[in-house]
Amino acid sequence: MTFSISRRLLGGLLFASALTACNSDSDSSSGANSSPVRTEPFSIGLLPDTQGGSDAQGQAHVAMYPMREVLKHQSAKGVDLVIAVGDLTDKGSTVEWDEWTSVAEDFRDGGIEFLPVMGNHEMNYAYTTEWIANMRNYIPEDAVHMPGYEWVNYYVVRSNVLIIGLAYYNLPLAIDWIKDVVAENADVEHIVVASHDGLIGAKYGQTREQIVEGTKGDDWVYGVQKDIREFFAEHDVIYVQGHEHQYQRSLISATTMQTTFPASSTPSGGNYQMGVYTQIMAGNASYKGYEFRYGERELVQAIVSQKNATYSESKGSDHFDVNSSILRFDGDRVDYQSYYAEHQARSNDSSQDFDAQWVLMDQFSRAKNRCETVVYPNSIPDGTRSVLVFQTEYITDTCLADDGSSARLVGGDNDTFNRTDTRTRDMEYVPGFSRAESLMDLTRLAYQWLYQYHESWTPNLNNRYRAVPDEAENVLLIPETTIDLKEHVTLSWQGKTADTLTDRLLISGMQNQTGVYQGAYGGERDIAADTGLPLSQPDGTAKAPAVLPGSATQSWDISTAKADPYAVAFTVNESVPFASSILAQKTAQGWQAIATPECVVESAWQEGFIGAMPNRAAACESQPLLGYDANARQWWAVLGADTEIAVIRR
């Protein structure tokens with residue numbers, strides 16, 4: 001598609017975890033367009049970019065082998081609907097559409113619904129007519145289309161989930177329509193917005209492309225970017241995208257990350273959430289991979305998971321990744337799991353076929369009634385730890401349950417964290433054409449929209465010189481650096497069941513990082529032995545090798561990962577008798593006491609208990625530390641994994 005046409009378009013499960021999903025009694029409305037309200041869980045699979053490049057004759061293809069493996073995996077997990085997040089094809093040819101549909105139709109005929117969104121490769125090559133001709137059999141019949149953008153932007157409601165699909169670059173153009181759609185479906189509990197790209201990227205991102213390096217007077221992103229962040233944060237949107245050919249999950253702030261405070265509760269208003277929304281880059285299902293460029297846009301972004309593979313052996317990666325991610329909704333709860341598999345396929349030749357060996361690499365579980373915080377790694381220099389939100393301990397304020405219970409995290413340190421490198425890139429401007437009139441103006445825009453300007457009271461944890469004017473070359477450098485990932489820790493409440501005496505508490509975000517260190521191109525590094533890139537600390541030094549605890553596996557596989565020890569305090573109301581109750585965890589076998597009654601320590605919680613356990617009988621040493629403070633009517637425990645806890649009968 002020509003540039004003019006593109007601009008005219010723009011203007012015109014088996015979740016194998018102790019965090020087992022539960023049934024919900026909450027009502028939900030599905031809007032006028034949707035299928036009947038369902039009370040059973042509903043799950044969404046994410047299908048990343050599937051373009052496969054061109055063969056020796058110049059014919060473009062779809063990456064059929066990775067695509068099939070993703071859909072096989074998601075079908076086996078019981079996915080109801082698959083979002084194809086754009087760039088289904090490379091050049092929109094008839095051959096490619098035939099390849100894509102030949103893979104998808106088997107799964108569609110098997111009962112999986114598809115929701116495809118248009119990527120830049122469809123917009124550039126396929127034209128609207130070809131997109132409609134090939135995708136109208138996959139876009140749901142009951143979809144409600146955005147006026148003037150039919151078959152390009154549309155939404156459906158399934159169960160209690162509002163799912164909005166947007167074409168490449170259409171998010172800023174569609175925000176007013178999105179607001180209307182959300183208002184019309186106000187009773188729906190979850191909102192998923194899917195597009196090919198987003199505001200904040202790893203390689204791309206509309207903020208960099210259209211604001212910082214944007215055209216003078218071209219304000220179609222500039223004028224609404226902050227409004228989008230605020231609206232998505234207010235409505236707890238889960239935003240999913242492709243385009244980047246790498247996996248990333250991050251939080252995007254409505255304001256800035258250093259003014260986004262931990263969320264807890266107030267006596268009059270109850271629990272409240274952080275001013276952030278979740279952004280998921282779905283990863284890769286193609287025959288190409290990208291390195292990590294430009295890095296964390298830490299002014300408004302906190303990365304909690306990052307993985308890429310470029311199949312560039314000279315730069316450290318001897319494979320591509322293929323990614324499969326699943327969102328599972330049940331009442332007001334969402335459980336998310338993301339998997340990867342390595343492969344070396346580069347074409348659809350029969351010799352390149354492979355069976356994906358899936359590895360769980362990221363997950364979270366949370367509900368609407370929650371409190372949350374960002375926990376930073378302990379690599380932060382001591383002098384910055386008291387600044388603003390740079391919390392490295394597992395300590396939260398009180399989070400309130402509907403039944404009068406309450407909980408909070410009361411101890412532990414984030415000693416186990418992942419690390420990633422980025423490469424050096426530059427940004428440019430053209431006086432009179434670009435928004436930036438000078439190199440200093442370009443620098444200002446970078447710090448105004450993307451990167452944290454380093455001062456002692458607002459330190460940049462990734463590099464004190466995050467954006468550097470290169471006057472000799474008249475470009476703005478974004479130097480390579482080393483980034484330590486953050487943890488998004490949530491405490492969520494669910495109602496009591498017949499097996500519990502109290503409401504149930506979900507604790508999530510504690511065990512997603514294991515001490516993995518990855519280079520910018522996906523090569524393995526050793527966080528315990530390798531020094532980070534120069535200037536990667538805010539004091540101007542390089543990040544030192546990390547001293548990991550013995551529990552750190554340094555593996556991408558988090559299915560058996562152990563969290564750093566942390567303590568939780570669980571306070572019950574007066575109707576729950578201590579003598580006949582005990583704090584328990586939900587396991588695959590059901591509810592089990594965290595420790596046996598004779599091993600319960602009758603004492604108030606003390607911070608030193610994590611490093612030095614109180615005296616217990618020899619038979620108790622193999623059990624987790626569990627205590628009870630009678631004066632506060634409070635159970636407390638030291639745990640080492642994401643979990644679901646409640647008080648049960650002994």
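The first residue in the sequence is number 1, and the count goes up from there. Computed from a predicted structure; not experimentally measured.
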query: Of all residues at least two apart in sequence or in a different chain, which pass the side-chain hydrogen bond (donor to acceptor under 3.5 Å, both in side chains) check with Glu244?
result: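 None.
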
query: Pick one: which of Phe354, Tyr65, Tyr311 meets ring pair (Phe, Tyr, Trp, His ring centres under 6.0 Å) with His343?
result: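 Exactly one pass, corresponding to Phe354.
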
task: Check the side chains of Thr482 and Asp421 for a donor-acceptor pair under 3.5 angstrom, ignoring hydrogens and angles.
output: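 Result is yes, a qualifying pair exists.
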
query: Without hydrogens or angle criteria, can the side chains of Asp49 and Ser286 be said to hold a donor-acceptor pair below 3.5 Å?
result: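 No, no side-chain donor-acceptor contact under 3.5 Å.
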
Tyr168 ring center within less than 6.0 Å of His243 ring center: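 His243 vs Tyr168: aromatic centres under 6.0 Å.
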
field: Ring center gap for Tyr339 and Trp556 short of 6.0 angstrom
entry: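 No.
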
Side chain to side chain contact (heavy atoms under 4.5 Å, CB included) partner of [X], chosen from [options]:
| X | options | value |
| --- | --- | --- |
| Arg464 | Gln537, Gln452, His454 | His454 |
| Glu96 | His121, Glu122, Lys91 | Lys91 |
| Val516 | Asp526, Ile558, Thr416, Asn418 | Asn418 |

message: My understanding is that only one of Gln225, Gln301, Glu213 makes a side-chain hydrogen bond (donor to acceptor under 3.5 Å, both in side chains) with Thr207; could you say which?
response: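 Single pass found, and it is Gln225.
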
- prompt: For Asp90, which residues count as a salt bridge (charged side-chain N to carboxylate O under 4.0 Å, His left out) partner, sequence neighbours excluded?
  reply: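 With sequence neighbours excluded, Asp90 shows a salt bridge (charged side-chain N to carboxylate O under 4.0 Å, His left out) to no residue whatsoever.
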
query: With a 4.0 Å cut-off, would you call Asp219 and Arg435 a salt bridge?
result: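 Salt bridge: yes.
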
